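Notes to accompany the following structure.
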Amino acid sequence: DYLVGQEERVPMTTMPTTGQKTVPARLNNNELKVLTAINMDARLSLVEIAERTGLTPDMVRSALRRLTKEKVITGYMLLPNYQRYPYLFYRVLLSLKYMPQKRWDDLLAFSRRHPNTFRTIKMFEGYSALIDAEFPTQTDFRAFVYALKEEFSDVVLAADALVVSDVPKFSYFNPTYRPSEVSRSRK
């Protein structure tokens with residue numbers, strides 16, 4: 001398993017900001033195959049990825065190392081079945097006044113410090129930011145929102161909340177390559 005015993009772990013505090021200027025990584029075909037395979041199931045072993053993509057385990061390992069080094073892969077996260085999971089998934093949508101970078105950094109730090117938050121994204125148009133979090137009770141969630149509004153009362157215009165009960169598709173990667181095509185062509 002390529003995740004077990006890995007000395008250089010990608011910190012889960014890496015929080016990309018939507019809309020920031022980036023330079024796209026130049027990916028080769030092998031890297032695209034690996035991304036597609038782990039996008040479908042990030043729990044696959046090197047051997048399973050190799051079988052699905054038609055690559056060798058060494059080629060898969062090399063592609064994963066480069067994708068991590070180039071920050072194409074910035075972490076791995078759990079996507080639970082929220083109908084069976086003991087926590088509720090909340091999304092807080094924030095309308096903010098103009099915020100200097102320092103206050104945005106403070107908001108990110110606030111979010112990172114809180115053990116129940118797992119994603120904070122700066123947005124444009126409509127809402128200014130969103131925070132995704134999981135809490136065992138509504139009371140715990142309300143306490144979080146209260147603390148957020150209190151600490152950022154100078155910039156928060158409104159905080160709307162949603163309870164997410166199902167995530168039917170959770171993928172940021174949708175290339176034209178499909179590993180199943182390789183599997184069919186190799187038989």
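Just so we're clear, the structure is a prediction, and the values are computed from it rather than from any experiment. All values below were derived from every heavy atom in this structure, side-chain atoms included, with hydrogens, water molecules and symmetry-related copies excluded.
The distance from atom CG of N116 to atom CG of L88, rounded to the nearest 0.5 Å, is 11.0 Å. Within the model, atoms NZ of K33 and CE of M59 stand 7.0 Å from one another, a figure rounded to the nearest 0.5 Å. Taken from CZ in R119 to CG in D132, the straight-line distance is 4.5 Å, to the nearest 0.5 Å. Note that CD of E151 and CZ of R103 are 6.5 Å apart. Values are rounded to the nearest 0.5 Å. Note that OG of S62 is 11.0 Å distant from CG of L46, once rounded to the nearest 0.5 Å. For the atom pair CG of L55 and CG of N30, the computed distance is 4.5 Å after rounding to the nearest 0.5 Å.
In this structure, K102 does not pair ionically with D105, as no charged nitrogen and carboxylate oxygen lie closer than 4.0 Å. A salt bridge is absent between E134 and R91; no separation between the charged side-chain nitrogens and carboxylate oxygens falls under 4.0 Å.
Residue A50 comes nearest to T56 through the heavy atom pair CB-C, 3.8 Å, listed as atom of the first residue, atom of the second, then distance. In terms of heavy-atom proximity, F110 sits nearest to A147 at CZ-C, 4.1 Å. For the residue pair A129 and W104, the shortest heavy atom distance occurs at CB-CZ3, 3.7 Å.
The number of heavy atoms from other shown groups lying within 6.0 Å of CZ (R113) is above 12. For CZ of F152, the number of neighbouring non-hydrogen atoms (other residues, nucleotides, ligands) closer than 6.0 Å is greater than 12.
The hydrophobic clustering, which links ILVMFWY residues whose side-chain heavy atoms are closer than 4.5 Å, places V47 and L44 apart. Connection of F141 to V163 is established within a shared hydrophobic cluster, with ILVMFWY side chains joined at heavy-atom distances below 4.5 Å, either directly or through further cluster members.
Contact annotation: the side chain of V164 never approaches that of Y90 to less than 4.5 Å [non-hydrogen atoms, C-beta and beyond]. Counting only heavy atoms from C-beta outward, the side chains of Y98 and V155 never approach each other to under 4.5 Å. Side chains of R142 and Y146 form no contact here, defined as non-hydrogen atoms less than 4.5 Å apart. For the pair V92 and L130, the minimum side-chain heavy-atom distance is 4.5 Å or more. Put simply, the side chain of L157 does not reach to within 4.5 Å of the side chain of S128, judged on heavy atoms. At least one side-chain heavy atom of I49 sits less than 4.5 Å from a side-chain heavy atom of I38.
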Legend entry - side-chain contact (heavy atoms from CB on, under 4.5 Å) between L27 and L35, worked out: CA-CA 10 Å; L27 304 179; L35 278 175; 3.7 Å; yes

Inset, instruction - Go through the steps for L94 and L148 under the test side-chain contact (heavy atoms from CB on, under 4.5 Å), then give the verdict. - result: CA-CA 10 Å; L94 298 172; L148 173 72; 3.8 Å; yes

Legend entry - Chi angles and distances behind the salt bridge (charged side-chain N to carboxylate O under 4.0 Å, His left out) call for K69, E31: CA-CA 12 Å; K69 180 181 175 191; E31 292 158 350; over 6 Å; no

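By the 30° and 60° cut-offs, the orientation of the rings of F144 relative to F135 is tilted.
Side chain of E48 to main chain of S45: a donor-acceptor pair is present (N/O by atom type, distance under 3.5 Å, no hydrogens or angles). Looking at S111, its side chain never comes within 3.5 Å of a backbone N or O of L107 through a donor-acceptor pair. Proximity of a side-chain donor or acceptor of T117 to a complementary backbone N or O of H114 within less than 3.5 Å is detected. Between the side chain of T68 and the backbone N or O of L64 there is at least one donor-acceptor pair closer than 3.5 Å.
A side-chain N or O of T137 and one of D140 form a donor-acceptor pair less than 3.5 Å apart.
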